[in-house]
Amino acid sequence: MAKRRGRIGLAVAGVALVIAGGCGSDEGADTADTSDSGASTTPLEGTNWVLAGDELGEPLGDIAVSALFSEGTVAGQGGCNRYTGPYDVEGDALTIGPEIASTQIACGPAETAVERAYLDRLPRVASYAIEGTALTLSDGDGEVLLAYEASIGAEAIIGDWTVTSYYSGDAVTSVLGDVTLTANFTETEVSGNAGCNNFTGPYSVDGDSITIGPLATTRKACESEEISKQEADYLAALDLATTFMVTGTRLDLLRDGGTIAVTLEKA
């Protein structure tokens, strides 16, 4: 019988990473919410911003770095660890930190270099500007520190994904070691393997909102009760998803309140 891995959770380190840096002035900052043409832009808050520029001086490659601004807290992937910190916005003026907390997962050299450079720049931000789906964060002298692209729309979710964790009813749980759970999203259909049976059904997206199901499955008997329960929990978690975020090669399906339903990695 397969052994269940331990339950996982996002534990924020008790020691904050305090990064020195002044907020500076917002003089010379670009207009935050409108372009010269008056075209509508993506909102700063509530958007999953994925780092896209080369301002860090460290190659990103496939390393995912993101920022989500919501109700005075910015959080995301720093390159390996999850980070969180306070922010304040007024007009096009934006300050972050200075205290930023991070999980403490050991990272590879490339991920560590990116993460250190990224977290060092956040408290130096003094202003922001958005043009279309592009966000730039600048210092007090107007120099661009970080550049992002919004990860929104149906295109980001299309493809093959492998599940890394799912909501089991009372916790977010890792997948059994010898079982693979999958999901393939086309333009209107999702299908995959739930560890024992195959499933298929419709889904729809509207911005970052998602509705999955109803799902139909094959009726094969599973090898064990543990695998059978995991399958039922995974399918139930898909049904609970109300929003989604794609960050690099990671897909988060989220329940009401922004909590995890399913996390997946690009196959």
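Because the structure is a prediction, the values reported are computed rather than measured.
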Could you report the tightest heavy-atom contact between [X] and [Y], atom names first, then the distance?
{"X": "A126", "Y": "D139", "value": "CB-C, 3.7 Å"}
{"X": "C80", "Y": "E115", "value": "N-OE1, 3.0 Å"}
{"X": "D120", "Y": "P123", "value": "O-CD, 3.5 Å"}
{"X": "L253", "Y": "A241", "value": "CB-CB, 3.9 Å"}
{"X": "V50", "Y": "S151", "value": "CG2-CB, 3.8 Å"}
{"X": "V205", "Y": "A154", "value": "CG2-CB, 3.4 Å"}

What's the separation between atom [atom1] in [X] and atom [atom2] in [Y], rounded to the nearest 0.5 Å?
{"X": "R121", "Y": "L146", "atom1": "CZ", "atom2": "CG", "result": "6.5 Å"}
{"X": "S70", "Y": "Y87", "atom1": "OG", "atom2": "OH", "result": "6.0 Å"}
{"X": "L51", "Y": "L137", "atom1": "CG", "atom2": "CG", "result": "9.0 Å"}
{"X": "F199", "Y": "N193", "atom1": "CZ", "atom2": "CG", "result": "8.0 Å"}
{"X": "L181", "Y": "L176", "atom1": "CG", "atom2": "CG", "result": "8.0 Å"}
{"X": "C222", "Y": "N197", "atom1": "SG", "atom2": "CG", "result": "5.5 Å"}

Return yes if some donor-acceptor pair links the side-chain N/O of [X] with the main-chain N/O of [Y] below 3.5 Å, else return no.
{"X": "E265", "Y": "T164", "value": "no"}
{"X": "D141", "Y": "E143", "value": "no"}
{"X": "N81", "Y": "Q104", "value": "yes"}
{"X": "D206", "Y": "S209", "value": "no"}
{"X": "T112", "Y": "G108", "value": "yes"}
{"X": "S66", "Y": "Q77", "value": "yes"}
{"X": "S168", "Y": "A171", "value": "yes"}
{"X": "D160", "Y": "N184", "value": "no"}
{"X": "E231", "Y": "C196", "value": "yes"}
{"X": "T103", "Y": "R82", "value": "yes"}

pair [X]-[Y]: side-chain heavy atoms closer than 4.5 Å:
{"X": "R250", "Y": "L264", "answer": "no"}
{"X": "T42", "Y": "W49", "answer": "yes"}
{"X": "N48", "Y": "V246", "answer": "no"}
{"X": "T242", "Y": "I210", "answer": "no"}
{"X": "T84", "Y": "T73", "answer": "yes"}
{"X": "T211", "Y": "Y203", "answer": "no"}
{"X": "D252", "Y": "F244", "answer": "no"}
{"X": "V179", "Y": "Q230", "answer": "yes"}

> Is the number of heavy atoms from other residues, nucleotides or ligands within 6.0 Å of CD (E189) greater than 12?
Replying inline: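 Yes, CD of E189 has more than 12 neighbouring heavy atoms, counting only those of other groups under 6.0 Å.
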>> Set out, in order, the CA-CA distance, both residues' side-chain angles and the distance that settles side-chain contact (heavy atoms from CB on, under 4.5 Å) for W161 and T182, then state yes or no.
In response: CA-CA 6 Å; W161 303 88; T182 64; over 6 Å; no
>> Before we go on, tell me: are the rings of Y167 and Y234 under 6.0 Å apart, centre to centre?
In response: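 They do not qualify: ring centres at least 6.0 Å apart.
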> Would M245 and L240 show up in the same hydrophobic cluster when neighbours are defined by side-chain heavy atoms closer than 4.5 Å?
Replying inline: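 No.
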>> Distance alone, cut at 3.5 Å: any donor-acceptor contact between the side chains of S165 and T263?
In response: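 The criterion, which ignores hydrogens and geometry beyond distance, is satisfied for T263 and S165.
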> With a 4.0 Å cut-off, would you call K229 and D233 a salt bridge?
Replying inline: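 A salt bridge links K229 with D233.
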> Who pairs with S228 by side chain to side chain donor-acceptor pair (under 3.5 Å), at least two apart in sequence or on another chain?
Replying inline: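 If we apply the side chain to side chain donor-acceptor pair (under 3.5 Å) test to S228, skipping adjacent residues, there are no hits.
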> Step by step, would you call V89 with Y128 a side-chain contact (heavy atoms from CB on, under 4.5 Å)?
Replying inline: CA-CA 9 Å; V89 61; Y128 78 99; 3.5 Å; yes
>> Set out, in order, the CA-CA distance, both residues' side-chain angles and the distance that settles side-chain contact (heavy atoms from CB on, under 4.5 Å) for T186 and I158, then state yes or no.
In response: CA-CA 5 Å; T186 64; I158 292 175; 5.6 Å; no
>> Determine whether L215 and D239 satisfy the following criterion, side-chain contact (heavy atoms from CB on, under 4.5 Å), listing intermediate values before the conclusion.
In response: CA-CA 8 Å; L215 299 175; D239 184 64; over 6 Å; no
